[in-house]
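In what follows, chains are A, B, ... by sequence order, proteins preceding strands, each numbered from 1.
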2 protein chains.
Amino acid sequence: MYIIGELINGMYANIGTAIKEKNKDVIQKCALDQINAGADALDISCGTVLKDALSDMAWLVNVIQEVTDKPLVLDSSKPAVIESGLRVLKSKAIINSTTADSEKLEVLVPLAKKYNAKLIGITINTKGIPQNKDQRLELAATIVSFCSDAGFSLEDLFLDPILMPVNVAQAQMQDILESIKEFKVIAGPSVKTVVGLSNVSQGAKQRLLINRTFAVMAQACGLDAAILNPLDKDLMDEIITAELILNKQIYCDAYLDAYRKK
Amino acid sequence: MYIIGELINGMYANIGTAIKEKNKDVIQKCALDQINAGADALDISCGTVLKDALSDMAWLVNVIQEVTDKPLVLDSSKPAVIESGLRVLKSKAIINSTTADSEKLEVLVPLAKKYNAKLIGITINTKGIPQNKDQRLELAATIVSFCSDAGFSLEDLFLDPILMPVNVAQAQMQDILESIKEFKVIAGPSVKTVVGLSNVSQGAKQRLLINRTFAVMAQACGLDAAILNPLDKDLMDEIITAELILNKQIYCDAYLDAYRKK
């Protein structure tokens, strides 16, 4: 599975302070810790303080690419903030994210094409969060057909079924798992699937247990990528073991170490 | 998921000794420990020493039903040993197991009918272990059609895809997961699926991690039952959490305790 580290986010106090104080050591250590734990890419968000978001995003990208050339996932609800990162990023970018709304798609799909970036499309629109699988598939179809019409390769598209907390949307969990499978039915096998894993346990008491259990269930349903905390060792151990069971990682007694050193 | 405790097996040294010495305290404690940990039924095997297997099986059933009326899973390759348990058992029985061979089916299906027992059918025959999903489905179809012709209700049939160790049959794991889903396609939704979980990690170093990861992946594929060690708390926590995600267990902060006290 493609692991996107979630920890460089201004909403976390240590990162928010580091962005404010332009303390690049904190950011670079957080980047390297996640990569050493198995992250394939890093999500980068300035958080909710938007005063200096354009310059903050460019600064984050610059300090992180001093220490790694892993792909960066530029995470903002503001296309201008994302473009501020895209302008300075030398490695591959993933834009996080567009919704299924045409005003979002019309801005973000051309932006992704312009910078040769991948794109996460979340199955949500201004009407709100989908309440079942059919609504998720309908929104996915909207995103997919917009991308196809715009000549944006579906290989570069990640569909996100919008993962809800199990303690508020328990009846939707199976629909979300099935959506992960069925996105590939409607869009073909080249489209990727992704979830923001920690959403599933928001407000729950057993957060880490719920995160890792859902992750492995989603892998069994074909999930390609997840935005998560790679420093959660139990989570990573289970994700790596699921890769082993899915025959994506060759068995040896030291398969956990072998994966992390890949 | 329907949890079948695996620990009352003469192959384990403590149980083998207890059977030999007719020490019922050891057996009864092992039964109650598993039930208190969440087991819905108990697998009962005398082990490989067959000298006194008929009387041993009857003794085991009798001492266990002194302390519980949970269903017992009578586990032997010898139909006479199974019948020795069936004769004295007062609660519901599950016969473990028939293969897809007609000489087994012709004995065990009538035996299950005679004693109103459920039956585990393993997709294996004298030609050996199936090497892919199609072979598993073919053997499942043989078992299902024999049961249908014999008037044995498919609701009382558990199909077992024969779980192989990941370190020797890694390429078959995905076929096994898909077989769990597809057994219900060929036999209808009323048929149950079961695995002997600990097989998946035989000979591997990370046994418990592999067991619990596979269990949760199989639950995502619709697995109904597993024979496993319910005293493995991490395993049970994840199985219960998967039940929560599948909306089979209502969310509350204390859902783990609530499940065990059910």
Side-chain angles (χ1 to χ4, degrees), chain A residues 163-178 180-181 197 200-223 233-259, chain B residues 163-178 180-181 197 200-223 233-259:
Chain A
L163 186 48
M164 300 295 295
V166 68
N167 64 350
V168 297
Q170 203 181 342
Q172 282 198 54
M173 293 293 118
Q174 198 147 6
D175 273 2
I176 292 168
L177 289 168
E178 286 172 15
I180 291 168
K181 278 184 263 189
L197 183 64
V200 74
S201 64
Q202 286 286 354
K205 200 173 163 197
Q206 299 283 352
R207 290 208 63 171
L208 303 187
L209 174 63
I210 292 170
N211 287 349
R212 64 180 178 263
T213 304
F214 185 87
V216 164
M217 295 173 83
Q219 285 176 277
C221 295
L223 185 70
K233 186 180 174 298
D234 291 336
L235 169 63
M236 286 297 292
D237 280 355
E238 293 205 6
I239 286 173
I240 297 166
T241 302
E243 293 289 280
L244 183 81
I245 289 167
L246 294 170
N247 205 21
K248 293 178 180 174
Q249 154 89 358
I250 295 170
Y251 183 84
C252 66
D253 277 347
Y255 72 90
L256 293 171
D257 288 342
Y259 181 96
Chain B
L163 187 47
M164 301 293 297
V166 67
N167 65 351
V168 297
Q170 204 182 341
Q172 281 198 55
M173 292 293 118
Q174 198 145 6
D175 272 2
I176 293 167
L177 288 169
E178 286 172 15
I180 291 168
K181 277 184 264 188
L197 183 64
V200 74
S201 63
Q202 286 287 354
K205 200 174 163 197
Q206 298 282 352
R207 290 209 64 173
L208 303 187
L209 174 62
I210 293 169
N211 288 349
R212 64 179 178 262
T213 304
F214 184 87
V216 163
M217 294 174 83
Q219 285 176 277
C221 295
L223 184 70
K233 186 180 174 299
D234 292 337
L235 169 63
M236 285 298 292
D237 280 356
E238 294 205 6
I239 286 173
I240 297 166
T241 302
E243 293 288 278
L244 184 80
I245 289 167
L246 294 171
N247 204 21
K248 293 178 180 172
Q249 154 88 359
I250 295 169
Y251 183 83
C252 65
D253 278 348
Y255 71 90
L256 295 170
D257 288 341
Y259 180 96

Undergrad: Within the 4.5 Å heavy-atom criterion, are B:Y255 and A:V166 side-chain neighbours or not?
TA: no

Undergrad: OG1 of B:T241 to CG of A:L209: how many Å apart, nearest 0.5 Å?
TA: 3.5 Å

Undergrad: Checking heavy atoms, do the side chain of A:Q249, its backbone, both or neither come under 4.5 Å from chain B?
TA: backbone

Undergrad: So which heavy atom on A:V216 is nearest to which on B:T213, and how close?
TA: CG1-O, 3.5 Å

Undergrad: Can you tell me which of A:Q172, A:Q174, A:Q219 forms the most heavy-atom pairs within a distance under 4.5 Å of chain B?
TA: A:Q174

Undergrad: For B:L177, is it the side chain, the backbone, both or neither that has a heavy atom under 4.5 Å from a heavy atom of chain A?
TA: side chain

Undergrad: Distance from B:R212 atom CZ to A:R212 atom CZ, nearest 0.5 Å?
TA: 6.5 Å

Undergrad: What distance do B:K248 atom NZ and A:M173 atom CE have between them, rounded to the nearest 0.5 Å?
TA: 15.0 Å

Undergrad: Would one find more than 12 heavy atoms of other residues, nucleotides or ligands at under 6.0 Å from atom NZ of B:K205?
TA: no

Undergrad: What are the two closest heavy atoms between A:Q170 and B:Y251, and how far apart are they?
TA: OE1-N, 3.0 Å

Undergrad: Taking side chain as everything from C-beta outward and backbone as N, CA, C, O, which of these in B:L256 sits under 4.5 Å from a heavy atom of chain A? Side chain, backbone, both or neither.
TA: side chain

